[in-house]
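Note that this is a predicted model, so its numbers are computed, not measured.
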Amino acid sequence: MIRSHRWQAIIGLLVALGIIIGNSMFPGMNVPPAFAQAKFQDVKDHWAQGCIEELAQKKIISGYYEDGTFRPNRPVSRAEFAAMVRMAFPDAKTVRAPIDFADIPTNYWGFKAIREAYQTGFMSGYSGSIFNPTLNITRWQALVALSSGLKYTPTTGPAAEILDATFEDAPQIPELARSAIAAATEKQLVVNYPAVKQLEPTRNATRAEVATFFCQAIAKPGQTALVPAEYIAQVPANIGPPRTTETSESGKLRAEVSFVKEAENAKNLRIKIIRDGKKLLEEPVLIPTRSLVDNPDQRASEEISEGRFLSLRIRDLDGDKEPEVLADLVSTKSGVRCCNYSFIYRYDSAANKYTHIKHFWGNVSYEIVDFGKNDIPEFKSQDGRFSEAFTNYADSRFPLQVWQYRQGKMQDVSKQYPVEVYTNSAELWLESNKRLSEDGEVKGVLAAFMANKYVMGQEAEGWQLLEKVYQGRDRTQFFGKLREFLVSTGYASK
């Protein structure tokens, strides 16, 4: 590497002049490679076929028009990688001011992508103000770029310990890349084909390999994996401090949740599901932070493998004779009295894999009941959105909610259980009368009562009762706010 700023500037000038001259003599340098459709003849039965075709459909990667191929074994240039970053993470936030690379003129085909990849922290200059766009990117450089841009840091232990336990060729990883690659490994971004314990960090990354890195980076928790699990590097569970393991078994199915216990909390949560003696799933349990709760479209970078473990059960939740794995956890990073989650893992027989959903309960919990007496359970809960909506937490009350798990989704089926809703409504009405007689706070109770009336289709009667019993000075404001709240929570229509 040239350390002299003078020589660096001279080289930068020469490179820039070379590109400018080249652009004038060979206009094709300003044009990105020609690309083709999402189905490629040369990836059929390829180990990364599903991932490649998915990214091509999303226009994150492309093939070649002239022969309809993808060329999975071809290397990836730094400019091409920057273009992929731009397509994969269009909403990435700017973390630093742009710089003008001497070898990237404004009419270069990858100018915008390179500029944004730098601004968002995914990529840096090759040497000072030189970007070197045509240089092929190595495997370690691609992983460091993704780990840096996604702001990953190791959590299960020291980087050296993670890498030495995971990769047989860990000593080949450059020192400056070790922390970022350890974090990428924890997040399951690292894909090694055909030998999962061979990282080969200094080898040029192929188009197929880079595609799998991106597939793993943009994958949402619970979705069906596009990369074969046997090629995704896994950090051994015995890395770091001693772990506590909770288990549940039923027939041929065994589930394990392990974590590092710290007082009442759990860190580095991981789940393993074994079916017929074969491990079909092993991955971190990622619990949303409050920012993700408030913004459900945020990516997995807003989730952490930390919280409070409540329970682990195996039970057939949808009556298909195939039991689900049900794990209940609490976020400890979501503020006071929030938030409870159920992770439900479902077996996909076609893919021989487990996928999962996360159901958000807010600051309330649930109990499993069988209202229909048909061995298909319901989740009896309350609507936690009413917490502190009209009064303090202690005086808040909640309308009944009944949920069912069907075909991999949770469905609100409260309207199917009018007797249970009516019973809850009657209890709330009695409590509201008692509070009114004692001159107590009643708005939180009446709000929950009205939600139940909407569920039963008796909203007109409900409003008549409210207007009769609530005579507070703020009744106009309260009624207006309640109507708006019931619309925003889906009980009422506009």
Using 4.0 Å as the upper bound for N to carboxylate O, is an ion pair formed by Arg313 and Asp328?
yes
Within 45 degrees of the ring normal and closer than 6.0 Å to the centroid, is that where the cationic atom of Arg96 sits relative to Tyr118?
yes
Would Lys380 pass as a cation-pi partner of Phe371, given that its NZ or CZ must be under 6.0 Å from the six-membered ring centre and within 45 degrees of the axis?
no
My understanding is that only one of Arg86, Arg71, Arg74 makes a salt bridge (Lys or Arg N to Asp or Glu O under 4.0 Å) with Glu80; could you say which?
Arg74
May I ask you to decide whether Arg243 forms a salt bridge with Glu256, counting only side-chain N to carboxylate O separations under 4.0 Å?
no
Over 12 foreign heavy atoms within 6.0 Å of CD, Glu367:
yes
Here's a test for you: under side-chain contact (heavy atoms from CB on, under 4.5 Å), which of Leu143, Val76, Asn204 qualifies with Ile137?
Val76
For the residue pair Asn265 / Thr332, report whether a side-chain donor-acceptor contact shorter than 3.5 Å exists.
no
Got Val421 and Leu400 here, is their nearest side-chain heavy-atom distance under 4.5 Å?
yes
Looking at Asp276 and Lys278, would you say the former's side chain and the latter's main chain have a donor-acceptor pair under 3.5 Å?
no
State, with a plain yes or no, whether a side-chain heavy atom of Leu55 is found less than 4.5 Å away from one of Ile218.
yes
Should Asn340 and Tyr366 count as side-chain neighbours, where that means a heavy-atom distance under 4.5 Å?
no
On the six-membered ring of Tyr347, is Arg275 placed so that its NZ or CZ lies under 6.0 angstrom from the centre and within 45° of the ring axis?
yes
Separation between OG of Ser396 and NZ of Lys443, rounded to the nearest 0.5 Å:
11.0 Å
Establish, yes or no, whether a centroid distance under 6.0 Å links the rings of Tyr193 and Tyr231.
yes
On the 0 to 90° scale, with breaks at 30° and 60°, tag the Phe386-Phe390 ring pair as parallel, tilted or perpendicular.
tilted
With no hydrogens and no angle check, just 3.5 Å: does a side-chain donor-acceptor pair link Thr489 and Arg385?
no
Using modelled atom types and a 3.5 Å cut-off, is there a donor and acceptor pairing between side-chain atoms of Arg406 and backbone atoms of Leu317?
yes
pair Thr166-Val190: side-chain heavy atoms closer than 4.5 Å:
no
Distance only, no hydrogens: is a donor on one side chain within 3.5 Å (strictly under) of an acceptor on the other, for Ser381 and Trp403?
no
For the residue pair Phe259 and Leu329, establish whether any side-chain heavy-atom pair is separated by less than 4.5 Å.
no
Is any side-chain heavy atom of Glu324 less than 4.5 Å from a side-chain heavy atom of Asp316?
yes
Quick test of your reading of the model: are Lys197 and Glu168 salt-bridged, counting only N-O distances below 4.0 Å?
no
Phe213 ring center within less than 6.0 Å of Phe81 ring center
no
Thr155 side chain near Glu306 side chain, heavy-atom distance below 4.5 Å
no
Just checking Phe131 against Phe101, ring centres under 6.0 Å apart?
yes
CA sep, side-chain torsions, deciding dist, call: Leu281, His356, side chain to side chain contact (heavy atoms under 4.5 Å, CB included)
CA-CA 11 Å; Leu281 178 76; His356 79 272; 6.0 Å; no
With a 4.0 Å cut-off, would you call Asp100 and Arg115 a salt bridge?
yes
Could you walk me through whether Phe478 and Phe485 pass ring pair (Phe, Tyr, Trp, His ring centres under 6.0 Å), step by step?
CA-CA 10 Å; Phe478 170 49; Phe485 185 78; over 10 Å; no
If you define the side chain from C-beta out and look only at heavy atoms, does anything of Phe89 sit under 4.5 Å from Leu146?
yes
